[in-house]
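Just follow the structure's listing: the first ligand is 1, and inside any ligand the first atom is 1.
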Amino acid sequence: MQKIGILGGTFDPPHIGHLILAEYTMEALGLDQVLFVPVADHPHKARTRQMIDHRLRMIELAIASNERFVLSRVDMDRPGPHYSADTVAILQRDFPDAELYFVMGGDNLRSLPTWTRAEDLYRLCRLAVMRRADEAISPDMHGDLLPGLAERVTIVDVPLLSVWVSSTHVVERIRRGQSVRYLVPDAVLSYIQEHRIYQDVCDEQD
Ligand code: ATP
């Protein structure tokens, strides 16, 4: 049976954390491919709506060298808000014979109780969660708050990794005129410079 990872995110911009998450999870779970699924309309992030075309192009550039990484437009062509539980339900119809894993960083496992219809998400597919060296997360960390979650979580341990890159961090450095070389793939860096994006971002995140 085909095993497919689903990496949902804003990718605003995509960075090495996303790529490491996808690659190491793919290896640990024997996934055939990882779908990068940019959310078009994030319930809490206004800027992401305005950046759709740039984000799509940057994801394409970031994953171009890995034939097992695939850009999915599943959330692009439908009205938002886009909740992961709905996204996975659609992908399940698109890949009826595949085993689906929703791939995420430890921060997202921590915040899972705040997600809309989180229970639907982990009942539809397993969750693959990458745990870095310093992260205090575990499958049963939410106790009775999310019943049945623990059995649906697979932890992928990456004990040597402790650097925490985030899109927010990348954007902050660009705004301060600091280098983001090596935090994003070279092709993404060139794209950001060429299109002069993120340089004047200030209070657009809501
Ligand atoms: P923001 O700073 O805007 O919150 P982000 O960098 O966390 O963005 P998202 O696109 O929102 O990126 O995240 C998509 C997925 O990638 C999430 O599951 C998140 O946990 C994971 N992720 C992001 N950064 C890392 C990282 N450095 N290591 C592992 N996983 C990561």
Item to check | Test: E60 and R57 ion pair at under 4.0 Å | outcome: yes
Item to check | Side-chain ion pair, R131 and D157, N-O less than 4.0 Å | outcome: yes
Checklist entry - Would you say G9 has any N or O atom under 3.5 Å from an N or O of ligand 1, going by distance alone? => result no
Item to check | Under 3.5 Å: N/O of M104 near N/O of ligand 1 | outcome: no
Checklist entry - Hey, does the side chain of H15 reach the backbone of G17 with a donor-acceptor pair shorter than 3.5 angstrom? => result yes
Checklist entry - What are the atoms of ligand 1, with element, lying closer than 4.0 Å to any heavy atom of S166? => result 2 (O), 6 (O)
Next on the checklist: Tell me whether H15 reaches ligand 1 (any heavy atom closer than 4.0 angstrom to a ligand atom).
Outcome noted: yes
Checklist outcome for this item: Min over G8, S84, P14 of heavy-atom distance to atom 14 (C) of ligand 1 lands on G8
Checklist entry - Does one side chain, of D75 or T87, offer a donor that lies under 3.5 Å from an acceptor on the other? => result yes
Checklist entry - Relative to the ring of Y191, is the ring of H54 parallel (under 30°), tilted (30 to 60°) or perpendicular (over 60°)? => result perpendicular
Item to check | Verdict with reasoning, M26 to V103, per side chain to side chain contact (heavy atoms under 4.5 Å, CB included) | outcome: CA-CA 9 Å; M26 185 166 72; V103 174; over 6 Å; no
Checklist entry - Should you measure from each heavy atom of S167, which atoms of ligand 1 turn up under 4.0 Å away? => result 2 (O), 3 (O), 5 (P), 6 (O), 8 (O), 12 (O)
Checklist entry - Do any nitrogen or oxygen atoms of R132 lie less than 3.5 angstrom from nitrogen or oxygen atoms of ligand 1? => result no
Next on the checklist: Only heavy atoms of G105, strictly under 4.0 Å: list the atoms of ligand 1 that pass.
Outcome noted: 18 (O), 19 (C), 20 (O), 21 (C), 30 (N)
Checklist entry - Checking side chain to side chain contact (heavy atoms under 4.5 Å, CB included) for the pair M130/E135: CA distance, chi angles, key distance, verdict? => result CA-CA 9 Å; M130 193 177 91; E135 273 187 311; over 6 Å; no
Next on the checklist: Counting only heavy atoms closer than 4.0 Å, does ligand 1 sit against the backbone of L21, its side chain, both, or neither?
Outcome noted: side chain
Checklist entry - Should you measure from each heavy atom of T10, which atoms of ligand 1 turn up under 4.0 Å away? => result 9 (P), 10 (O), 11 (O)
Checklist entry - F11 heavy atoms, cut-off 4.0 Å: which ligand 1 atoms fall inside? => result 10 (O)
Item to check | Heavy-atom side-chain contact between N108 and W115 under 4.5 Å | outcome: yes
Checklist entry - Do L35 and M104 sit in the same hydrophobic cluster, where Ile, Leu, Val, Met, Phe, Trp and Tyr count as joined when their side-chain heavy atoms come under 4.5 Å apart? => result yes
Checklist outcome for this item: Note: ligand 1 atoms sitting under 4.0 Å from heavy atoms of M130 are 28 (N), 29 (C)
Checklist entry - Hey, does L7 sit under 4.0 Å from ligand 1 if you only count heavy atoms? => result yes
Checklist entry - Of the listed options (L127, D107, V129), which comes nearest to atom 19 (C) of ligand 1 when hydrogens are ignored and any heavy atom counts? => result D107
